[in-house]
Peer 1: 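Next up is a structure, given as structure tokens.
None of these values were measured; they are calculated from a predicted model. Protein chains get the first letters and strands the later ones, always in sequence-line order, with residue 1 at the start of each.
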Protein chains: 2
Amino acid sequence: MAKAKRTLKWQRDPEGMRLRILEAAKQEFSAHGLAGARVDRIAAKAGANKRMLYYHVGNKDELYLAVLEGAYDKIRSEERGLDLEHLDPPEAIRRLIEFTWNYFLRNPEFLSLLQTENLARAKHLKKSTKVKSMHSPFVEMIRTVVRRGVDSGDFQVAVDPVQLYISIAALSFFYLSNSATLSVIFGRDLLDNKAKDERLAHMIGLVLAALTGQSAALFEVAKAPKSRAAAVQTV
Amino acid sequence: MAKAKRTLKWQRDPEGMRLRILEAAKQEFSAHGLAGARVDRIAAKAGANKRMLYYHVGNKDELYLAVLEGAYDKIRSEERGLDLEHLDPPEAIRRLIEFTWNYFLRNPEFLSLLQTENLARAKHLKKSTKVKSMHSPFVEMIRTVVRRGVDSGDFQVAVDPVQLYISIAALSFFYLSNSATLSVIFGRDLLDNKAKDERLAHMIGLVLAALTGQSAALFEVAKAPKSRAAAVQTV
DNA sequence: ACAGTATTTATCCAACGGGTTAATTTCTCC
DNA sequence: GGAGAAATTAACCCGTTGGATAAATACTGT
């Protein structure tokens, strides 16, 4: 009784509320896409009233854009924390692939949001000056790493850093974002631990083999006796 | 007058109608996703009445599944038409990459549909026994090509064919399906002809370099004089 | 303590959207 | 040539949904 009095009817918490709204919106948009997302569900998940969304962020589209900007902001921030410049080039590339893979694994909503935004042909992203100014540090990182690798003789090729960046992202992104349909097609779970480990090893092997020309050392199997090669490959 | 009499009010054409409905539905679902698609728009695009959709195909979900099944059917059919078994292994892989790239370019709705279905975690695909039974011939193709390549000494590695298949698809798929956001992020059009040519060359170079270990021959730039290497790379 | 403002709640509503019902027209086969 | 089935049209139904309005409640500074 006395307690009920202390917690009157509600407390003010604008910042907390805004964060809860954005978090709820992120979940809702990534789970259902833009058209499939329900404003009422976002409000409910945020423990709020629907009116609050409009008060603190804006209408559905503005809400969506805020979520998208937040997602880019987050990955850019983590990317900046990765220091690859001083590693030897093959190790730097390996770390880059591992980071990308793990980031996507840890943030599946990011993948969904990008898929959704691309379905919309980046209509919203184009309007966001904020995101346009958030350049990934990876392109320059890759450029210098590749240059160093070529100079040191580790790498055989001076590959376009943008292409390489896209390729590294692609190898992880597609596997994870399309794992649902791929798992059905192949009739096996691509997301169990064994499959994930194999995928990471494959991606690292593929990219490093291409750059260094040392296929043998990077994929498990080399030009070993054929019988053994056949045995080791995982299928 | 006499003519107007001949074309009374409408003609019967169940097969044609069904096809027009499915084509319209494909466009609508790929342009707007499942939740964003509008049944009325599909009807209008098909030059039909909304009731016709339900009469000839079913409700929205069934319509969507029919479209999805049609999309898989089409790509599997074209895949079967590709005969790579008798080519020498590097050439076979090159053709495989080119086919994948061009198929995705020619059928952007296929990409969108897959994105949409993955956003839905393959909920509909799982219910389709039809699609589950449509195995891609590429996995076995790749398996034998890789085996031949290893035996002949063209390839240094016996890579898992499923992994390679996914990787080849990934390199094209991600680039194209995410070209809208990537173009904004990089501030350049990834779909103009020059960019597309470069992308195809990059993908072929990457995969073949990894398999053969001959990076130099495959990417444009080798361990040439550094100044030249820097000049040639595109960025 | 109280006036003014920021924050939150409780309703409401008009448009939309998927789906249905019932009537109408064309075709086919006897 | 007409009866019955197949195909198509037109109109309607009703729950949902994004968004708006207005009133209530909790802070803040003075």
Peer 1: With B:Glu78, which residues qualify under side chain to side chain contact (heavy atoms under 4.5 Å, CB included), at least two apart?
Peer 2: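 Result, side chain to side chain contact (heavy atoms under 4.5 Å, CB included) vs B:Glu78: B:Lys74, B:Phe99, B:Tyr103, B:Arg106.
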
Peer 1: Listing request: all ring-ring contact (aromatic ring centres under 6.0 Å, His included) pairs with a residue in residues 35-62 of chain A, at least two apart in sequence or in separate chains.
Peer 2: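 Those involving residues 35-62 of chain A do not exist here.
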
Peer 1: How would you list, by chain and number, every residue that makes a salt bridge (charged side-chain N to carboxylate O under 4.0 Å, His left out) with B:Arg38, sequence neighbours excluded?
Peer 2: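 B:Arg38 satisfies salt bridge (charged side-chain N to carboxylate O under 4.0 Å, His left out) with no residue once adjacent residues are dropped.
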
Peer 1: With B:Arg76, which residues qualify under salt bridge (charged side-chain N to carboxylate O under 4.0 Å, His left out), at least two apart?
Peer 2: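 B:Glu79.
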
Peer 1: Short of 4.0 Å, heavy atom to strand atom, which residues of residues 33-42 of chain A count as contacting DNA chain D?
Peer 2: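 Here the set is A:Ala37, A:Arg38, A:Val39, A:Asp40.
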
Peer 1: Estimate the overall bend of the helix from C:dA1-D:dT30 to C:dC30-D:dG1 from the end axes over five pairs each, rounded to 10 degrees.
Peer 2: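 Nearest ten degrees gives 10° for this helix.
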
Peer 1: Side-chain donor-acceptor contacts of residues 170-180 of chain A below 3.5 Å, not counting sequence neighbours, with atom names and distances?
Peer 2:
residue	atom	partner	partner atom	Å
A:Tyr175	OH	A:Leu190	O	2.8
A:Ser177	OG	A:Phe173	O	3.0
A:Ser179	OG	A:Leu176	O	3.0

Peer 1: I need the CG-P distance between B:Leu19 and D:dA7, as an integer number of Å.
Peer 2: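 So the two atoms are 14 Å apart, to the nearest Å.
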
Peer 1: Taking N or O atoms only and anything under 3.5 Å, show me the protein contacts with nucleotides 6-10 of chain C, one pair per line.
Peer 2:
residue	atom	partner	partner atom	Å
C:dA6	N3	A:Arg12	NH2	2.4
C:dT7	OP2	A:Tyr55	OH	3.0
C:dT8	OP1	A:Asp13	N	3.2
C:dT8	OP2	A:His56	NE2	2.7
C:dA10	N7	A:Asn49	ND2	3.3

Peer 1: Please list all pairs passing the salt bridge (charged side-chain N to carboxylate O under 4.0 Å, His left out) test where one or both residues lie in residues 46-67 of chain A, with sequence neighbours left out.
Peer 2: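 Qualifying pairs, neighbours excluded: A:Asp40-A:Lys50.
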
Peer 1: Round to a whole Å and report the spacing from CG of B:Asn59 to C1' of C:dG19.
Peer 2: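 Rounded to whole Å, this separation is 9 Å.
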
Peer 1: Rounded to the nearest Å, what distance is computed from the NE2 atom of residue A:His32 to the P atom of nucleotide D:dT16?
Peer 2: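 In whole Å, D:dT16 P lies 16 Å from A:His32 NE2.
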
Peer 1: Can you sort out the partners of A:Lys130 under side chain to side chain contact (heavy atoms under 4.5 Å, CB included), two or more places apart, ordered by chain and number?
Peer 2: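 For A:Lys130 the side chain to side chain contact (heavy atoms under 4.5 Å, CB included) partners, ignoring immediate neighbours, are A:Glu69, A:Ser128.
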
Peer 1: According to ring-ring contact (aromatic ring centres under 6.0 Å, His included), does anything in residues 58-85 of chain B pair up with another residue at least two apart or in another chain? List the pairs.
Peer 2: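 Non-adjacent pairs meeting ring-ring contact (aromatic ring centres under 6.0 Å, His included): B:Phe29-B:Tyr64, B:Tyr64-B:His124, B:Tyr72-B:Phe110.
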
Peer 1: Roughly, in whole Å, what's the span from CG in B:Leu53 to C1' in D:dA7?
Peer 2: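 So the CG-C1' distance, B:Leu53 to D:dA7, works out to 14 Å.
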
Peer 1: Is there a donor and acceptor pair, one atom on the side chain of A:Lys50 and one on the base of D:dG19, closer than 3.5 Å?
Peer 2: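 Looking at the base of D:dG19, it does pair with a donor or acceptor on the side chain of A:Lys50 (distance under 3.5 Å).
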
Peer 1: Using side-chain heavy atoms (C-beta onward) and a distance below 4.5 Å, is B:Leu119 in contact with A:Ser112?
Peer 2: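 Contact flag for B:Leu119/A:Ser112 side chains = yes.
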
Peer 1: What integer distance in Å separates A:Leu63:CG from D:dG19:C1'?
Peer 2: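 Result: 13 Å.
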
Peer 1: Could you work out, with side chain to side chain contact (heavy atoms under 4.5 Å, CB included) as the rule, every residue matching B:Asp197, not counting sequence neighbours?
Peer 2: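 Testing B:Asp197 for side chain to side chain contact (heavy atoms under 4.5 Å, CB included), a comparison that skips the adjacent residues, returns none.
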
